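Quick caveat: nothing in here was measured; it's all calculated off a predicted structure. One is the number of the first residue; the rest follow in order along the sequence. Counting starts at 1 for both ligands and their atoms, following the listed order.
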Amino acid sequence: MRTEQPKMIYLKDYQAPEYLIDETHLTFELFEDHSLVHAQLVMRRNPARGAGLPPLVLDGQQLELLSVSLADQPLGAGDYQLDDNHLTLHPASASFTVDTSVRINPQTNTALEGLYKSSGMFCTQCEAEGFRKITYYLDRPDVMSKFTTTVVAEQHRYPVLLSNGNPIASGPGEDGRHWATWEDPFMKPAYLFALVAGDLWCVEDSFCTMSGRDVALRIYVEPENIDKCQHAMNSLKKSMRWDEQTYGREYDLDIFMIVAVNDFNMGAMENKGLNIFNSSAVLARAETATDAAHQRVEAIVAHEYFHNWSGNRVTCRDWFQLSLKEGFTVFRDAGFSSDMNSRTVKRIQDVAYLRTHQFAEDAGPMAHAVRPESFIEISNFYTLTVYEKGSEVVGMIHTLLGAEGFRKGSDLYFERHDGQAVTCDDFVKAMEDANGVDLTQFKRWYSQAGTPRLAVSEAYDAAAKTYSLTFRQSCPQTPDKVEKLPFVIPVELGLLDSQGAAIALRLAGEASAQGNSRVISVTEAEQTFTFVDVAERPLPSLLRGFSAPVKLSFPYDRDQLMFLMQHDSDGFNRWEAGQQLAVQVLQELIGQHQQGQALVMDQRLVTALGSVLADESLDPAMVAEMLSLPGEAYLTEISEVADVEAIHGAREFARKQLAEQLFAALLKRYQANRELSRATAYVAESEHFARRALQNIALSYLMLVGKPEVLAAAIEQFDSADNMTERLTALAVLVNSPFEAEKAQALAVFAENFKDNALVMDQWFSVQAASPLPGGLERVKALMQHPAFNIKNPNKVRALIGAFAGQNLINFHAADGSGYRFLADLVIQLNGFNPQIASRQLAPLTRWRKYDSARQALMKVELERIRASGELSSDVFEVVSKSLA
Ligand code: TRP
Ligand code: ZN
C-alpha cells in the first residue's frame, strides 16, 4: 500500500547503477510466525559511474531492520537513513561489504510477491520488484551478482530446502531444524532469485545435453499430485532438446528444478535453475486436465525453460526492456509448440487471441509501446502488448531475415551479450550486424503503440497484364501522443487465378518471377506494388500467416472469401477467409437485430462450413477452428460501438442456424469421433487433440438443437468419458442447456467427484461463470459462497470472476450496471490484499469507450468509485487514473 503519491518512471531517465554487488550471501531462518534474512553484500563503486562515493541507496519494503553493518562496522541509528522504500548508507571506500539482518512476515504476505506461504510451503516471487520485500538490495535487473543461499527451517515441516544453482552443503541444526546451502555460479539479477521450503515430493528424470553432460531434472509437488507430473516432465525434455536443435542453446547447470505452488499471481517464473510454477501450469493428466490445459503446460514449461537463455544468461537492462526477454521467449515457445503440434492451428489460435485481446489493449487507455517510455507500476506492464505483440515483432524480424539469417542474429546476440543486461536495441543490433541489414525504421514497432491499419486496393490492367496492389498504412493516436511514422510492414502474399492455382509472382523491374508466395515490405504511408505477366484478373491472398500485427482491409465479397477458403494454399488464410466471411454475415445479423428486423442469415456461410465439415481429408483441428465463429469479444473489438445484446443475439442465432442446417453432418462427425474416444485410451498428442476438438465443437452445436438424442449423447459423454476434455465439454453443454434437472445432476456429480482437486474445481467454476444464460451475476455471487471458492487464491479469482467479466459479456454488461458494480466491489476488496490481481481484474472496466453512452456512464461511475475508495495500490491507481484520464 502506498504512503506517497505513486510517481511516473521514465526510460529517458535511465542511469547505470552507482554501485555493483559482486557477491550476495543470504541466510534465511524460517519460522512459523516470521522469518529472518541475513544478507552479506560484497559491493563496489561502479567504475562506469566515475569517481566519488555517492550515498548507497538500497531498496527495501516492508522490512523490519534488525541490524546493519558497513565494512564490518555495526551502524548506529545516526549512521544511515531509513524510509518506507530505502535504506541509505554512506560508504567510505570504493569496495566494502554491507551486512543486514531483517525480519519479514511471509505468513501474512497475501500479495504473493517476495517470500510468502502457499499451502504450507515457503516460496518466493521476485520479478519484477519483489526481492526488495526480502532484504535491502539494489533491486534492479542491471545489478547482477553471484548468489549463495542458506536456508534453515524445521526438518519435519520443511524437509525440502531449495534455492538457485547447485546444492553444496546441508546438515542438521538445533531444535529439530536443518539447513541447506545452494550456490549459483551464474551472475544474475535479484528478480531471478528463488527459495522454496516445504514438504514436497519430486518426480526425477535426467537429460543428456548436446555436449554430453547429464542434467538432473526434478519436478516438486505436494505428495497428492505426484501422479500429475509426467506431462510436464516430457514437455521439459522436449523443450531442452528443441532449444539445442533450433537455437543451439544448451542448459548450463547440473540440475533443473520446477516447483508447483497453488497460490501464484501469474503462470510461472523462470528463476535460475529453480522455476516456480502455478500448479495449473504443471499438473496435467487425462482425468483432470483438458487437452487445452495439456498444451498450456507444454507451452509454459517451454517458455520458462527457454528463458534460461533469453532472459537469464542475457537479461534486461531495465524494465522498459521487458519485451526483450518476454517477446523473444514467447516467439520461441510458439515455435516450439508449432513443431510439437500443428503450426497452422497454433498460428490461428495465437492470432485469434492477439486480435481479440491485444488489439483491444492497444486501442484502450493502457495502450503502450512494446518498449514503453514510462510507467508507474511495472507489474502493470506484463501485458499482451509486451508478450504477444512483442513476439509478433520478433516474428517479423524472422520473416524479414529468413530462418537462417534469424539464427545468425540470435547466435550473435547470445554470444555478444552472454552475462549482460541489455536493451531491445542491442537485440536488433545483433540481428542487423549478423545480416548486414538496417532495421532503423523497423524499430518503430518498439516505440510506437497502437495497431496499424493497412488498407489495400487493387487495379488490374488486362491489356498490359499488370496487377497493382496499393497499400495505405495509418496508425490511430494513442494516449502517449507519440507521433506515428510509417512502420515496416512485411506482407506475405500470393495471387490466385480463376482455377485457384497460384500465379508466379514477378514484380515490375524484376528479371523473372520469384516463387508464388513472397514477402513484400510496405515501408511508406502509401505504396504500390505492380506485378507483371498476370494473364487474368487474380484474387489476392494477403498477409499470409498473419505476417504483421495489423488490421488489414481489402474489399473482398463473400463469394471471393468462399473461393479463398477452398483454394488458398496458405492454411492460415483459408481459416482467415472463413472468419472474414463469418464476420460479414454476423455484422449483417447484428444490423438486423439493431433494426428490430427478423434475423435472416446468408446461406453462404452454411454452405461454406458444410463443405469444410464434409471434407474428411482436412485436419480435424482445422475443421474445428473453421467451425468456431468469431467470438463476442472479437466482434466487440472490431465494432465502432459494441452493441452487447445485438452481438450476442446475432452470434447465437447464427450458431443455431448452423446447428440446425448442418445437423446430420455434425452428428456424423461427432459420433465417429466419440466412437474413437470410447475405443481408445486417452493420448495427450496432437492428432488426438485435433479429433477431440472437432468432436467437442460438434457436440456444442448439436446441443443447440434441443433433441433428446443429443441430450442423451451429452450425458453419455459426461458419464463415461475417461478424460477431462470430453467430460468438461459435456458439462459445459449441459450447463448452457435448458435441461435443468440434467444440468443440476451433472454439476453435483462433478463437484462431488472432484471436490478435493482445486484445479478441477476451477474448471467447474469457470464453466458456470461463463454461461450466457440469464442470471449470470446471481450464479457467480452464489458460487463465491461455495466452500471451494477462496478469494485469496488467484486461480479461483480468475476462474470465477475473470471468466464472468471476460467471457460472459452478455451478463457482465447487463444494462443495469450490476456487473460493473460487482466487479468494482471486488477490485476494491482485492486491492487490499493482492494489488497485482486487483489491477488485472480491472481490465474489462477500462474498455468503457467501446460501449453505448449509458454503459459508458455506468462503467465510469465504478472507476470513479474505485478511485475514491481509499488507499489504492500503485497497481490499481495507475490503471484507474489512466482509464479516467
Ligand atoms: N517472467 C514470468 C514469465 O513470463 C512472468 C511472471 C511470473 C511475473 N510471475 C510474475 C511477472 C509476477 C510479474 C509478477 O515467464
Ligand atoms: Zn516469460
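- A perpendicular orientation is assigned to the rings of Phe131 and Phe147, their planes being inclined by more than 60° (bins at 30° and 60°).
- Its N, O or S atom nearest to the Zn ion (ligand 2) is what matters here, and for Glu326 that atom is OE1.
- Ligand-side atoms of ligand 1 in range of Lys325: 1 (N), range being under 4.0 angstrom from any heavy atom.
- No hydrogens or angles considered: nothing links the side chains of Ser118 and Asn262 as a donor-acceptor pair under 3.5 Å.
- Interface of Met269 with ligand 1, defined as ligand atoms under 4.0 Å from a residue heavy atom, comprises 1 (N), 2 (C), 7 (C).
- Given atom 8 (C) of ligand 1, the protein heavy atom at minimum distance is Met266 CG, 3.5 Å.
- Counting the atoms of ligand 1 from 1 in the order shown, those under 4.0 Å from a heavy atom of Glu304 are 3 (C), 15 (O).
- Cation-pi contact between Arg317 and Tyr14: present, with separation from the ring centre below 6.0 Å and deviation from the ring axis of at most 45°.
- Between the side chains of Thr329 and His303, no donor-acceptor pair is found at a separation under 3.5 Å.
- Remark: ligand 1 atoms within the under-4.0 Å shell around heavy atoms of Glu270 are 1 (N), 2 (C), 3 (C), 15 (O).
- Considering both main-chain and side-chain atoms, Tyr382 never comes within under 3.5 Å of ligand 1 through any nitrogen or oxygen pair.
- Within the cation-pi definition used here (under 6.0 Å to the ring centroid, within 45° of the axis), Lys146 does not qualify as a partner of Phe186.
- Between the side chains of Asn380 and Glu878, at least one donor N or O lies within less than 3.5 Å of an accepting N or O.
- Both the backbone and the side chain of Glu127 come within 4.0 Å of ligand 1, judged by heavy-atom distances.
- Judged by distance alone, the side chains of Asn341 and Glu298 do bring a donor and an acceptor atom under 3.5 Å apart.
- Between the side chains of Gln230 and Asn234, at least one donor-acceptor pair of N or O atoms lies under 3.5 Å.
- At least one N/O-N/O distance between Gln125 and ligand 1 falls below 3.5 Å.
- Checked options Asn793, Asn278, Thr110; the residue passing with Asp263 is Asn793 (criterion: side chain to side chain contact (heavy atoms under 4.5 Å, CB included)).
- Closest to atom 3 (C) of ligand 1, if we only count protein heavy atoms, is Tyr387 OH, 3.4 Å.
- Rounded to 10 degrees, the NE2-metal-NE2 angle spanning His303 and His307 at the Zn ion (ligand 2) equals 100°.
- At a cut-off of 3.5 Å, with distance as the only test, no side-chain donor of Tyr353 or Arg355 sits close to an acceptor on the other residue.
- Close contacts between ligand 1 and His303 involve ligand atoms 3 (C), 4 (O), 15 (O) [criterion: under 4.0 Å to a heavy atom].
- At a heavy-atom distance under 4.0 Å, only backbone atoms of Ala268 (N, CA, C or O) approach ligand 1.
- Under 4.0 Å from ligand 1, not a single heavy atom of Glu113 appears.
- At a 3.5 angstrom cut-off on N or O pairs, Asn265 does not count as close to ligand 1.
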